[in-house]
Structure formats: structure tokens, C-alpha cells
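Just so you know, these numbers use all the heavy atoms, side chains as well, and skip hydrogens, waters and symmetry mates.
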Amino acid sequence: SEQSTPTARIVAFGDSVTDSGTYGGKYIVNNTTPFGGGSNSIWVDSIAQALGVDEVCPFFRHNETGDEDLAASYAPTWACTNFAAGGARINALGATAAAAAGPQAAASPKSIPAQLITAADVLTYSAQDTILISAAGNDARDLFLGLATLLAASDPTLVNAVLTSV
């Protein structure tokens, strides 16, 4: 029979549901200590507790003054393994917008691919890692808001184009 390998750490990626303090507090839990004792739990904390590992702390820390869409507005916390950021999207910028904005925007933690790339650059993964990803909430919201805008404009051709592209 196979023996399971115990989890040594959690590495997390995603949006606000997973953000454990990129902007100073847990993104979806207001007025709490960012992580550790005295903080309210988010789903990754519950998984950490269930696996018997330390709660994850945020890798990215926003400087509270810079543009949230630019990588230069964030400082790394090297010992932390939660790369999630509130407002992140699967593809934060379309290819045209990313090219126009430059590499600083493309590397922002508000892009889940940028989170994954950053982690690959700074971590060495092992078989004892548990990888958690929460994504698409903001992307779905954007789609529904776009659809609502089209419906409000009463343009059936555009509405049909959006519905058939999903």
C-alpha cells in the first residue's frame, strides 16, 4: 500500500478569496490582523489547519501608495508562500493592453499567471507542497457586467455574440 507524503507547506495563488494580506489585511475579511494569531480564517487557513501546517502569509505586500496594476508597487516577503492578490484575474490584461502597459503591468500580482511565474522564479517545489489556486471570480464578474451593459444597450446582435462566445 502507498503511504501518503505529509504536507510541509501550502503555496497559494488566486484572487481576493485567497489573499491573506497583500493589501494589509485579509482581502475579504475586514479589520483583522493580516495573518497568524488574532486573524480571522480564510479558506487556505482552514486547509493549513486541517493539514497541520503553518498558515500562509502574503508573498506580495502592496506599498499602499503605488498603482495596484504595476509590479513596482509591491515588495516581496521571501519567507511567505501566498501569492494571491485581491482583484486578480486569470488574464488581468489582454495581450494588446499588456503590450501597451509594458512589463511592469504584466508582472503585477493582479495577474494570476504573473503570480505563478513569480513563484516558479523564487520557490523550489517539492512533493510535500500542497498547491491551492482560486480563480475566475473576478473574470466571471467582468463577463456578467459586460453582458448587463449590452442588455441595457438593447443590442441583440452584441448580446448574441457574447453568449455564443462563452
Rounded at 0.5 Å granularity, tell me how far [atom1] in [X] sits from [atom2] in [Y].
X     : Y      : atom1 : atom2 : value
Arg9  : Cys80  : CZ    : SG    : 11.5 Å
Asp19 : Ser134 : CG    : OG    : 11.0 Å
Asp15 : Thr22  : CG    : OG1   : 11.0 Å
Ile47 : Thr7   : CD1   : OG1   : 10.0 Å
Phe60 : Gln115 : CZ    : CD    : 6.5 Å
Leu51 : Thr130 : CG    : OG1   : 5.0 Å

Phe83 and Leu123, any side-chain heavy atoms less than 4.5 Å apart |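 Yes - at least one pair of side-chain heavy atoms lies under 4.5 Å apart.
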Test item: Ile42 and Ser20 side chains (from C-beta on) under 4.5 Å apart, heavy atoms |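 They are in contact (side-chain heavy atoms under 4.5 Å apart), so the answer is yes.
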Candidate pair Tyr23 and Tyr74, rule side chain to side chain contact (heavy atoms under 4.5 Å, CB included), full reasoning | CA-CA 9 Å; Tyr23 302 100; Tyr74 299 86; 2.8 Å; yes
For [Y], is there any backbone N or O sitting under 3.5 Å from a side-chain donor or acceptor partner on [X]?
X      : Y      : value
Asp129 : Ile131 : no
Ser73  : His62  : no
Thr81  : Ile10  : yes

For the student: nearest non-hydrogen atoms of [X] and [Y], plus distance:
X      : Y      : value
Pro113 : Ile90  : CD-O, 2.7 Å
Thr18  : Phe13  : CG2-O, 3.9 Å
Trp78  : Val122 : CZ3-CG1, 3.5 Å
Ser108 : Glu68  : OG-O, 3.2 Å
Ala135 : Ile112 : CB-CD1, 3.6 Å
Asn138 : Ala88  : ND2-O, 2.7 Å

Please name all residues satisfying salt bridge (Lys or Arg N to Asp or Glu O under 4.0 Å) with Asp54, sequence neighbours left out, ordered by chain then number.
-> none
For Gln128 and Val53, run side chain to side chain contact (heavy atoms under 4.5 Å, CB included): C-alpha distance rounded to whole Å, both residues' side-chain angles, the deciding distance at 0.1 Å, then the answer.
-> CA-CA 11 Å; Gln128 290 81 33; Val53 297; over 6 Å; no
Between Val11 and Ile117, is there a shared hydrophobic cluster once you connect ILVMFWY residues whose side-chain heavy atoms come closer than 4.5 Å?
->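 Unlinked, Val11 and Ile117 end up in two clusters.
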